[in-house]
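In what follows, a structure is listed as structure tokens, so that the remarks can point back to it.
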Amino acid sequence: MTATTAARRTAIENDAMARAVELAETGPLAGGNPRVGCVLLDSDGRVLAVGRHRGAGTVHAEADALARVPPESRGALVGGTAVVTLEPCHHTGRTPPCSHALHAAGLARVVHAVADPDPRAAGGAQWLRAAGVDVSTAEEAGLDPVVVARARDVAASWATAVRRGRPWLVAKTATTLDGRVAATYGTSRWITSTESRAHAHTVRADVDAIVVGTGTLLADDPALTARTASGPADHQPLRVVVGERPVPPDARIRRGPGEWLHRPTRDLAAVLAELHDRGARHVLLEGGPTVLTAALQVGLVDELHAYVAPVLLGAGPGAVGDLGIRTIADALRWRTVRTQRLGDDLFLALRPEGES
Ligand SMILES: NC(=O)c1ccc[n+]([C@@H]2O[C@H](COP(=O)([O-])OP(=O)(O)OC[C@H]3O[C@@H](n4cnc5c(N)ncnc54)[C@H](OP(=O)(O)O)[C@@H]3O)[C@@H](O)[C@H]2O)c1
């Protein structure tokens with residue numbers, strides 16, 4: 001291959017990976033399956049079809065893309081390239097292996113960004129290579145590190161949950177400018193803007209479960225359902241209360257839509273393990289400060305959603321309690337992965353520094 005041809009191929013595959021990431025980002029976080037996007041190119045780099053995975057029980061991104069190739073273009077798959085955010089699967093689950101489908105279609109090359117961490121599904125790249133397909137990781141293909149990082153990001157929560165055997169935990173805080181989550185008398189409604197609260201409901205509608213401590217349940221009597229402007233969201237997370245005190249008989253959480261459960265324990269790791277066993281891969285911790293502090297102390301928080309309102313209280317509980325940190329050198333530091341203006345508030349999505 002000449003240098004010009006190689007550079008052209010890299011540019012085409014880079015654009016295809018960026019498109020695959022965009023497709024993957026539209027997939028659901030809830031349901032226990034990865035978000036995946038796929039772009040199929042002919043041997044000259046023209047896009048034949050794109051596909052994405054829409055969640056558990058639906059076809060994989062590769063199969064979706066293959067099904068969308070117009071009948072008159074199917075021949076052009078021979079010698080073409082599949083660009084996929086996740087390594088093609090190699091197991092027969094609810095759908096047949098994508099490794100076989102790509103090979104059978106005649107594709108000559110596969111570029112994937114993230115290796116499949118699930119031992120039941122991994123091995124697709126190896127099998128395709130053995131079958132004579134030219135398989136490259138995104139790095140090997142020389143794709144832009146920014147695009148590769150976005151592809152990793154889109155799979156991060158699912159891949160981490162699979163590797164660790166516990167759900168990806170997103171902790172939410174809604175604070176004043178001075179970091180308080182409630183006023184001295186316990187009221188916290190509402191610190192944040194209507195836009196922030198609407199955003200928080202879209203996050204609820206995209207997770208498998210929401211966890212709160214009994215303190216929040218007893219102080220706020222939250223319903224913890226996911227709501228849109230026109231009523232309950234289609235997907236309702238499992239609502240979970242953790243703590244030894246009982247849930248009052250008239251608590252709003254007892255009403256629907258969606259299921260709820262109470263675990264009379266303070267062992268958050270055990271509750272997360274149980275949720276993982278029930279298929280949850282993406283869990284939202286909605287407070288309050290006591291359970292958030294406990295989760296941070298044992299390193300359970302994978303992502304932080306901070307809604308910061310331009311409000312000052314000057315007194316009242318802070319978002320996080322004592323973590324035993326006594327010097328700046330020991331501070332827990334976070335990396336900002338996304339920011340958004342929500343009305344007058346600022347939303348920050350953060351990940352622990354040093355982790356993907
Ligand atoms: N602005 C916000 O983002 C936000 C969010 C949530 C809550 N809030 C506010 O926060 C206040 C409630 O705070 P909170 O800290 O009491 O709520 P919390 O963290 O939801 O609940 C604390 C309680 O949960 C139980 N618990 C469960 N796991 C625990 C663990 N690992 N370690 C210790 N305790 C555990 C304990 O009760 P048991 O004795 O029952 O075991 C504990 O007292 C309210 O004013 C509420 O409005 C604000």
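Order of listing sets the numbers, starting from 1, for every ligand and every atom in it.
In this structure the side chain of H103 reaches within 4.5 angstrom of the side chain of W127, judged on heavy atoms. R35 is not listed as a side-chain neighbour of R52, based on a closest heavy-atom distance of 4.5 Å or more. P264 has its side chain out of reach of T214: every pair of non-hydrogen atoms, C-beta onward, lies at least 4.5 Å apart. Under the 4.5 Å side-chain criterion, counting only non-hydrogen atoms from C-beta, T225 is in contact with P257. At a threshold of 4.5 Å between non-hydrogen side-chain atoms, the residues D302 and R164 count as touching. Side-chain atoms of P237 and L284, non-hydrogen and from C-beta on, never get closer than 4.5 Å to each other. Within the 4.5 Å cutoff, no side-chain heavy atoms of L107 are placed close to those of V133.
For the pair R68 and D64, the salt-bridge criterion is met [side-chain N within less than 4.0 Å of a carboxylate O]. A salt bridge is defined here as a Lys NZ or Arg NE, NH1 or NH2 lying under 4.0 Å from an Asp or Glu carboxylate O, and R338 with D153 fails to meet this definition. Between R197 and D345 no salt bridge is recorded (no basic side-chain N to carboxylate O distance below 4.0 Å).
Among protein heavy atoms, atom 37 (O) of ligand 1 sits closest to T214 OG1, 2.9 Å. Protein heavy atom closest to atom 27 (C) of ligand 1, with residue, atom name and distance, is V242 O, 3.3 Å. Protein heavy atom closest to atom 45 (O) of ligand 1, with residue, atom name and distance, is G186 O, 3.1 Å. Closest to atom 21 (O) of ligand 1, if we only count protein heavy atoms, is G215 N, 3.0 Å. In this structure, the protein non-hydrogen atom closest to atom 7 (C) of ligand 1 is T216 OG1, 3.1 Å.
Ligand-side atoms of ligand 1 in range of E244: 38 (P), 40 (O), 41 (O), range being under 4.0 angstrom from any heavy atom. Distances below 4.0 Å separate heavy atoms of S188 from the following atoms of ligand 1: 47 (O). Close approach to E286 involves these atoms of ligand 1, each under 4.0 Å from a residue heavy atom: 5 (C), 6 (C). The distance from ligand 1 to the heavy atoms of T173 drops below 4.0 Å at these ligand atoms: 3 (O). Near D220, with a cut-off below 4.0 Å to any heavy atom, the atoms of ligand 1 are 46 (C), 47 (O). Every atom of ligand 1 with a heavy atom of A294 under 4.0 Å away is listed here by number and element: 30 (C), 31 (N), 32 (N). Below 4.0 Å from some heavy atom of G213 lie the following atoms of ligand 1, by number and element: 18 (P), 20 (O), 21 (O), 24 (O). Less than 4.0 angstrom separates some heavy atom of A182 from each of these atoms of ligand 1: 45 (O).
Of the listed residues (P289, A219, A309), the one carrying the non-hydrogen atom nearest atom 13 (O) of ligand 1 is P289. The heavy atom nearest to atom 20 (O) of ligand 1, considering only A269, A295, G288, is found in G288.
Of the polar atoms of R245, at least one N or O is found under 3.5 Å from an N or O of ligand 1, judged by distance alone. Below 3.5 Å of separation, one finds an N or O of R266 facing an N or O of ligand 1. Of the N or O atoms in I191, none lie within a sub-3.5 Å distance of an N or O in ligand 1. Taking only nitrogen or oxygen atoms, main chain and side chain alike, T290 reaches within less than 3.5 Å of ligand 1. Looking at V291 next to ligand 1, an N or O pair under 3.5 Å apart turns up. Considering both main-chain and side-chain atoms, G243 never comes within under 3.5 Å of ligand 1 through any nitrogen or oxygen pair.
Counting heavy atoms under 4.0 Å from ligand 1, residue A174 touches it through both backbone and side chain. Using a 4.0 Å cut-off between heavy atoms, V181 contacts ligand 1 through both its backbone and its side chain.
Summarising the local packing, CG of D234 is surrounded by 12 or fewer heavy atoms from other residues, nucleotides or ligands at distances under 6.0 Å. For I328, the CD1 atom sits in a loose shell: 12 or fewer heavy atoms of surrounding residues, nucleotides or ligands are nearer than 6.0 Å. More than 12 heavy atoms of other residues, nucleotides or ligands shown are found within 6.0 angstrom of CZ on R189.
Side-chain contact check for T265 and R263: no donor-acceptor pair (N or O, by modelled atom type) lies under 3.5 Å.
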